[in-house]
Amino acid sequence: MCGIVGYVGAREATEVVLHGLQRLEYRGYDSAGVAIYDPVIGLQLRRSVGKLSNLQQRLLNEPTHGHIGIGHTRWATHGGVTEINAHPHRDASGAIVVIQNGIVENYLALKGRLLELGYQFESQTDTEVIAKLLGHYYNELRDLGRAMHRTLQELRGGNAIVAFCIHEPDQLVAARLGNAGGIAIGIGNDERFIASDIPAILDYTRDLIFLEDRDIAVVRRDSVTIMRLDGTPVERPIHRIAWDPVAAAKGDYRHFMQKEIDEQPRALMDVLRGRIDQEHGRIELEDLRLNDHDLRRIRRIYATACGTAWHAALVAKFMIEHLARVRVEVDYASEFRYRNPILQSDSEHDTLVLAITQSGETVDTLAAMEEARAQGVPSVAIVNAIGSQAARLADGGPIYLHAGPEIGVASTKAFTSMLVAAYLFALRLAQAHGTLKPQQIREHIQALIELPGQAAQVIEQTKPLCIELAERYHRVSNALFLGRQINYPIALEGALKLKEISYIHAEGYPAGEMKHGPIALIDENMPVICIATHDHIYEKMISNIEQVRARHGQVIAIGHQGDELLAEKAHHVIGVPTTHPLLQPVLNVIPLQMFAYHVAVLRGCDVDQPRNLAKSVTVE
Ligand code: G6P
């Protein structure tokens, strides 16, 4: 959601903060602002509505100088998109500035109390309540760290906050409450950085400290002092991040999404690296802190996630149930947490929660993991962002995707990497449960080894047709995506990709259900994208295609290269190579990503930052 950056050190704070905000642009936002302090010039606040370039333009006309500062990109939750509502916000004296990511759930009650005390508010935001409260306690305590401490005790919700006060011009105060988003503190040489997402500061340092829920940090150029909300001091480890910041740059590509689609063969290799032992027919998931004995006990898995990651969870269900014969239920994390799930069967500790998340910061997914913990059920996370909250919350260890930063809001390489990580996990579980013999595992490993090359083939060979189809269909208003079994989630994902970046209304449906409703929508203007690679219900899928044709729908099929029957039935066939049916979704989804991408480009949409969306959703 909102992006946060802070700096204290010898550099021009404005440059560091703006650079960081630029790196966070992908989060999606509607306004941005900075507050910079210099002892001679004083506090300088600049805010602008719209893209970061508006703020940059403003700063060209009204530059800011100083060696301490904070910056923010806002994704509105409380209060409309106006300059007044943009962060940073100030306390009543104007000496304290605050930025926040999250929601102050009890802000109306707090605001009411502050109004009674005579405070006036200029914005409609919940964040200004934090600023006023901080100022209120600062008057009494004359110490911003302690004022933050008092303030946090009154806030309800999930918040990541950074503030500074001109009377203490050598320090930033950062705090984290709940799971509204992370705070990383970068350790430099006589300088410190703060960011909500690590790509914001990776160009300056790879040594990061991550704040935990209820941590308050006082950050000076040469020190970081962390205290818990209950007052006890605490040390947090320094993590060294191995990502290459260059990997986060767009290079020659027009959009990050396009680059990330093309990066998939490499990402698929990276998720496999060091995890397959071809010779002995074994899967090694070293980061998984569960041994064979722990894994053998698991009889039920609750897979939980949001958005694209939820589609990965739906695919994971097929993989795990088929390979390891362990039952899997899949829930939207936002539903799971509120439905009072019955996780543990009697006294047997046979249940596991599997959380899947690219960012590791999606608030609903984190809450689902916490629900598991509250019920004494261990969780395993499949996660991309190193050191993220989900990675740290997972009892069974994070299975890292190692896909590198994913910047485009529409997930691509993280999705296919999630599918492969889920496959590895399913095989690892099967290994422990003895449902597959080493020879069978060897065959699956062989399929995995071939997969990155096949993904490269799909990208290279189907791109021209995807572009042609995008040219032909980019003016439609609706599209239907059909798949069955393990390819039904791929139909959902294809529809999600198209709608989120091109704003075409698209629905994914299990093909067998089409006759119970969506068939009424089909006419000669409706493109129907049918996933029809070979599996045990291929013939049924062909019948569904016939039903679409009979209603004059335009059939675009994803099928195996050289499938003549399909070529006869469909208007267009996008041919993909054959892999194991459980891995086929990885290859089938790639043309759908490319189709959505090119449609969005032709419609002139903002591919990497679609309207109203954010890369990681840290509010409910
Ligand atoms: C947002 C993003 C999606 C993503 C979802 C879950 O909606 O726009 O691309 O799939 O969040 O994110 P996560 O980081 O938990 O995978």
Side-chain angles (χ1 to χ4, degrees), residues 1-3 24-29 75 101 179-182 196-199 255-257 260-261 267 303-316 330-337 353-370 379 381-394 398-401 403-419 421-422 489-490 492-503 508 589 592-593 596-597 600 605-620:
M1 303 269 91
C2 303
L24 296 183
E25 271 193 294
Y26 65 86
R27 291 182 73 122
Y29 55 84
W75 189 85
N101 179 16
N179 290 325
S196 50
D197 300 51
I198 55 180
H255 298 104
F256 279 112
M257 182 181 176
E260 288 155 4
I261 288 173
T304 185
C306 300
T308 287
W310 181 73
H311 298 155
L314 291 175
V315 175
V330 183
D331 267 282
Y332 283 116
S334 54
E335 291 291 313
F336 179 82
R337 60 185 295 196
V353 163
L354 175 65
I356 307 182
T357 164
Q358 187 284 128
S359 63
E361 300 292 351
T362 301
V363 72
D364 286 318
T365 307
L366 297 176
M369 293 176 79
E370 270 165 3
S379 60
I382 292 179
V383 48
N384 192 33
I386 313 278
S388 58
Q389 185 70 359
R392 284 174 285 136
L393 258 177
I399 303 175
Y400 279 124
L401 301 179
E406 188 179 67
I407 308 293
V409 164
S411 185
T412 52
K413 64 173 178 174
F415 178 65
T416 45
S417 301
M418 281 170 186
L419 300 189
I490 299 307
L492 291 176
E493 177 62 8
L496 177 64
K497 286 286 90 80
L498 187 66
K499 77 180 119 189
E500 69 182 339
I501 59 171
S502 75
Y503 316 140
V589 77
L592 303 183
Q593 299 167 342
Y597 170 76
C605 298
D606 192 344
V607 175
D608 285 334
Q609 295 165 39
R611 69 183 177 211
N612 306 338
L613 292 176
K615 183 68 184 160
S616 68
V617 178
T618 51
V619 294
E620 277 193 55

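Both counts, for ligands and for their atoms, begin at 1 and track the order of listing.
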**Message:** Whether the side chain of Gln593 engages the backbone of Lys497 through a donor-acceptor N/O pair (distance < 3.5 Å, no angle test) should be reported.
**Reply:** no
**Message:** Ring-plane angle category for Tyr332 and Trp310, please: parallel below 30°, perpendicular beyond 60°, tilted otherwise.
**Reply:** parallel
Give every pair formed by an N or O atom of ligand 1 and a protein N or O atom closer than 3.5 Å, one pair per line with both atom names and the distance to 0.1 Å, or write none.
residue	atom	partner	partner atom	Å
ligand 1	8 (O)	Ala614	O	3.0
ligand 1	9 (O)	Val409	O	3.0
ligand 1	10 (O)	Thr308	N	3.0
ligand 1	12 (O)	Thr362	OG1	3.3
ligand 1	14 (O)	Thr357	OG1	3.4
ligand 1	14 (O)	Gln358	N	3.4
ligand 1	14 (O)	Ser359	N	2.7
ligand 1	14 (O)	Ser359	OG	2.6
ligand 1	14 (O)	Thr362	OG1	3.4
ligand 1	15 (O)	Thr357	OG1	2.7
ligand 1	15 (O)	Thr362	OG1	2.5
ligand 1	16 (O)	Gln358	N	2.7

**Message:** How close do Gly408 and Asp608 get, counting heavy atoms only, and between which atoms?
**Reply:** CA-OD1, 3.8 Å
**Request:** Over all heavy atoms of both residues, which pair between Pro489 and Leu314 is shortest? Give the atoms and the distance, please.
**Result:** CG-CB, 3.6 Å
**Request:** Could I get the full list of ring pair (Phe, Tyr, Trp, His ring centres under 6.0 Å) partners for Tyr597, not counting sequence neighbours?
**Result:** His255
**Prompt:** Counting only N and O atoms by type, is there a donor-acceptor contact under 3.5 Å from the side chain of Glu406 to the main-chain atoms of Glu260?
**Reply:** no
